[in-house]
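Structure, as C-alpha cells:
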Amino acid sequence: MPELPEVETVVRGLQSVLPGRRIVEFRSGKINVIKDLALLGDQIPGSRLVAVRRYGKFLHLELEPRASENARLFILIHLGMTGQLTVGAADEPVAPHTHIFFTLDDGRELRFRDPRRFGRVQIVSESRREELLGKLGLDPLEASAEQFRKQIANRRARIKALLMDQHVFRGMGNIYTDESLWRARIHPSRLGANLTAAEIAKLHSAVQHVLHEAIRLRGSSVSDYVDSEGQNGEFQLRHRVYQREGKKCSRCGTKIRRIIVAGRSSHFCPQCQRAPRTRKLRKKAPRRHAERRIKTAPVTTKTPE
DNA sequence: CTTACGGCCTGGGTGC
DNA sequence: TGCACCCAGGCCGTAA
C-alpha cells in the first residue's frame with residue numbers, strides 16, 4: 001500500500017512530466033470519487049499544472065491561478081490502500097476501476113485508479129489545503145533526532161501507534177513502521193514513554209534508513225502499488241518482517257511473529273525485539289509491607305548483656 | 001490522552 | 001469449477 005516512499009516515487013515520476021502541462025479535459029468514470037466536484041470541478045479544464053509535491057501520504061498538484069482570479073487551486077490526492085496515479089497515452093486501454101481522467105495538452109492522460117476506493121481526490125482552495133494538511137505531524141525524513149525524540153518521549157501510547165499516527169509523523173504506514181522497529185530492535189508494544197533516549201535515537205536513524213532505502217528501490221509493490229509509469233517497486237524484496245510471519249529472522253534465525261498491536265497487524269522478531277514487561281510484577285498484595293512493619297517493630301528486642 | 005470499534009471497499013484466500 | 005464467507009488495511013467519526 002502506498003506510504004511515504006511510494007508516494008514519493010509517484011511524485012518524482014510526475015514531476016518530470018506534469019509541470020507546465022495544461023489540463024484540457026477532466027472527467028470521471030462511473031463512480032465519482034471526487035468530493036465537492038460541483039464546487040470547483042468546472043475550473044479545472046484549461047488550467048496549467050505548475051507543481052507536484054508530497055506531504056505525508058498526500059500528493060498535491062498545484063494549478064496556476066487564473067488571470068481573472070487570484071485564488072490558487074490544488075488537486076489533493078490520497079492513494080489510500082490501492083490507489084494508482086499514472087500518466088500514459090490517452091488512447092491506452094482503460095484498466096478496470098479507473099475513476100478519474102485528466103487529459104493533458106500533450107496527448108497524454110493522467111489517470112486515477114483505485115479498486116478498493118479508499119483513496120480520495122479533492123479539488124481544494126489554498127485555505128482548505130492548509131486546513132487539511134496543517135494537522136499532520138513531522139515528516140520523518142526531515143525531523144532532527146531531537147524533534148523525533150520529543151514526539152515520542154512522554155507519550156503513553158505504543159510506539160507502533162505513534163509511528164503510524166499521521167498527526168505525530170506524516171507518511172509512515174504499516175510496512176515501514178514494522179520494518180523500522182525491527183531494524184531498531186524495538187518491540188511494537190513498547191510505550192513511547194518507556195523507550196530510552198538511546199532507543200529513540202536508534203529508531204530515528206532506523207526510520208530514515210528504511211525510508212531512504214525504500215525510496216531508492218521505488219517503493220514496495222504489495223497490494224496494487226505501481227509508480228507513475230505503471231511499474232512495480234522493488235523494496236518488497238527487502239522486507240525483513242512485513243508479511244514474513246513464520247519465516248526466519250535474517251539477523252538471528254528466530255521465526256517472525258505477527259500480532260495485533262494498537263489494532264494493526266504487526267510483524268516482528270520475538271528474539272531481536274523483546275516484549276515489554278507486563279505490569280503483573282507489581283500486582284502483589286500491597287498490604288504485606290504494612291503488616292511487616294507492624295510485626296517487625298516490637299520484635300526488635302535487644303537482649304541486653 | 002488513549003483505545004476500541006464500525007464503516008467504507010474489493011480481491012484474494014479458505015473451506016466445502 | 002463455483003460459491004459463501006472472511007478479512008486486511010488507511011483514515012475518520014464516535015464511544016468508552
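By convention in this document, chain letters (A, B, ...) are assigned in the order of the sequence lines, proteins followed by strands, and residues within each chain are numbered from 1.
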How do A:Phe58 and A:Ser265 order along DNA chain C: which one's closest nucleotide is nearer the 5' end? A:Ser265
Hydrophobic cluster identity match, A:Val87 and A:Ile44, side-chain contacts under 4.5 Å: yes
Of the candidates B:dT2, C:dC12, C:dC11, the side chain of A:His167 sits closest to C:dC12
Output the rounded distance in Å from CZ (A:Arg116) to P (B:dG12). 8 Å
Nearest whole Å is fine: how far is C:dG9 C1' from A:Met164 CE? 8 Å
Nearest nucleotide by nearest heavy atom, which residue falls closer to the 5' end of DNA chain B, A:Ala161 or A:Phe118? A:Ala161
So, is A:Arg155 close to the B:dT2 phosphate, meaning a side-chain N or O under 4.0 Å from OP1 or OP2? yes
Do you know which two heavy atoms are closest between A:Thr82 and A:Arg117, and how far apart they sit? OG1-N, 4.3 Å
Could you check whether the side chain of A:Arg264 and the base of C:dA8 have a donor-acceptor pair of N or O atoms closer than 3.5 Å, going by distance alone? no
If you check every side-chain atom of A:Met81, which of C:dC12, C:dC11, C:dG10 has the closest atom? C:dG10
From CZ of A:Arg117 across to C1' of C:dA8 the rounded distance in Å is 17 Å
At 4.0 Å (heavy atoms only), tell me whether A:Tyr225 reaches a base, stays on the sugar-phosphate, or touches nothing. nothing
Interatomic distance, A:Glu245 CD vs B:dG13 P [rounded to whole Å]: 16 Å
Atom CZ of A:Arg120 and atom P of B:dC9 are separated, to the nearest Å, by 7 Å
Between A:Arg113 (CZ) and B:dT10 (P), how many Å, whole number? 12 Å
For A:Phe102 and A:Phe112, what are the C-alpha separation, side-chain angles and deciding distance, and is it a ring-ring contact (aromatic ring centres under 6.0 Å, His included)? CA-CA 9 Å; A:Phe102 297 93; A:Phe112 174 74; 9.1 Å; no
Tell me: NE2 of A:His97 to P of B:dC9, nearest whole Å? 13 Å
Inspect the contact between A:Arg183 and A:Glu179 and indicate whether a charged nitrogen and a carboxylate oxygen are less than 4.0 angstrom apart. no
Base, sugar-phosphate, or nothing for A:Arg158, non-hydrogen atoms under 4.0 angstrom? sugar-phosphate
SG-CZ distance between A:Cys269 and A:Arg244, expressed to the nearest 0.5 angstrom: 10.5 Å
Send over the distance from A:Leu132 CG to C:dC12 C1', rounded to a whole Å. 12 Å
Given C:dC11, is OP1 or OP2 found less than 4.0 Å from the side-chain N or O atoms of A:Gln166? yes
How would you label the contact of A:Thr82 with the nucleic acid (heavy atoms, under 4.0 Å): base, sugar-phosphate, or nothing? nothing
